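These notes concern the structure reproduced below.
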Amino acid sequence: MRQFTLRLDRAYKRPLIYFGETNIKALLDTGAFYPIWTQPIHILARLNAVSCNKRISFSGFGGKTYGELYTLKNFSVGSLIFTEMDIIACSELKNPPAQFIFSATMFQRLVYQIDDKNHTFKVNIPQDESNIRRLKIIEAKNGSFDVFCQSA
């Protein structure tokens with residue numbers, strides 16, 4: 001089993017990590033279904049995001065809200081590499097704690113631990129899973145959206 005560990009922000013009471021070379025902050029939200037970008041789109045463009053020209057309604061932030069679907073190309077978190085990762089850009093959250101909200105679906109079929117005492121986020125990648133992943137948000141026939149994350 002391969003693993004990596006990221007440091008959590010000691011000053012924040014919820015699991016908040018810094019990642020990447022640009023010091024972007026991400027809130028680990030194990031109850032979230034969709035990965036969410038909470039800041040203006042021009043910042044997201046620096047991460048090589050491509051618009052899918054699709055408006056999505058979803059539940060979150062205390063009710064129903066809307067966002068735009070984007071795909072990040074070659075996005076990484078620790079040693080996980082997302083070759084294509086769909087996210088929803090939604091700037092309706094007032095004073096978000098981070099630019100990104102990482103959803104539990106990003107870590108499907110992986111073993112992860114949020115260690116609040118030692119301020120770490122540890123991810124174990126089982127032998128039958130790859131560190132190269134693809135996360136897609138797909139519209140179902142009934143108009144709702146599903147999230148699929150798989151090893152490449």
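In this text the structure is predicted, and so the values were computed from the model without any measurement. Values reported hereafter were calculated over all heavy atoms of this structure, with side chains retained and with hydrogens, waters and symmetry mates removed.
Considering all non-hydrogen atoms of both residues, Cys90 and Gly67 come closest at CB-CA, 4.4 Å. For the residue pair Arg14 and Leu27, the shortest heavy atom distance occurs at NH2-CD2, 2.9 Å. When all heavy atoms of Gly78 and Leu6 are compared, the pair lying nearest together is CA-CD2, 4.1 Å. Scanning both residues, Ser144 and Asn142, for their nearest heavy atoms gives OG-OD1, 2.7 Å.
Within the 4.5 Å cutoff, the side chain of Thr38 has heavy atoms near those of the Ile101 side chain. In this structure, the side chains of Met85 and Cys149 stay at 4.5 Å or more apart for every pair of heavy atoms.
Pairs of residues two or more places apart, or lying in two chains, never qualify as side chain to side chain donor-acceptor pair (under 3.5 Å) while including a residue from residues 25-37. Residue pairs meeting the salt bridge (charged side-chain N to carboxylate O under 4.0 Å, His left out) criterion with at least one partner in residues 140-152, sequence neighbours excluded, do not occur; the list is empty. Here salt bridge (charged side-chain N to carboxylate O under 4.0 Å, His left out) pairs that include residues 103-119, with residues two or more places apart or in two chains, are Arg109-Glu129.
Rounded to the nearest 0.5 Å, atoms CG (Leu69) and CD (Glu139) are 10.0 Å apart. Here the CZ-CD1 distance, from Phe58 to Ile137, works out to 9.0 Å after rounding to the nearest 0.5 Å.
A search for ring-ring contact (aromatic ring centres under 6.0 Å, His included) contacts involving Phe145 returns nothing, not counting sequence neighbours. Applying the salt bridge (Lys or Arg N to Asp or Glu O under 4.0 Å) criterion to Arg134, with sequence neighbours excluded, gives Glu84. Legend: residues meeting salt bridge (Lys or Arg N to Asp or Glu O under 4.0 Å) with Arg55, ordered by chain and number and at least two apart, are Glu68. Every residue was checked against the salt bridge (Lys or Arg N to Asp or Glu O under 4.0 Å) condition with Arg7, not counting sequence neighbours, and none meets it. Qualifying side-chain contact (heavy atoms from CB on, under 4.5 Å) partners for Asn53, counting only residues two or more places apart in sequence or in other chains: Ser51. Residues satisfying the side-chain contact (heavy atoms from CB on, under 4.5 Å) test with Phe102, not counting sequence neighbours, are Ile17, Phe19, Ala26, Leu28, Phe75, Val77, Phe100, Met106, Phe107. Every residue was checked against the salt bridge (Lys or Arg N to Asp or Glu O under 4.0 Å) condition with Lys73, not counting sequence neighbours, and none meets it.
The number of heavy atoms from other shown groups lying within 6.0 Å of NZ (Lys54) does not exceed 12.
Other members of the hydrophobic cluster containing Phe148, listed by chain and number, are Ile138; membership follows side-chain contacts under 4.5 Å among ILVMFWY residues, whether direct or relayed. The hydrophobic cluster analysis finds Val50 isolated: no Ile, Leu, Val, Met, Phe, Trp or Tyr side chain comes under 4.5 Å of it, directly or through other members.
Between the side chain of Ser130 and the backbone N or O of Ile132 there is at least one donor-acceptor pair closer than 3.5 Å.
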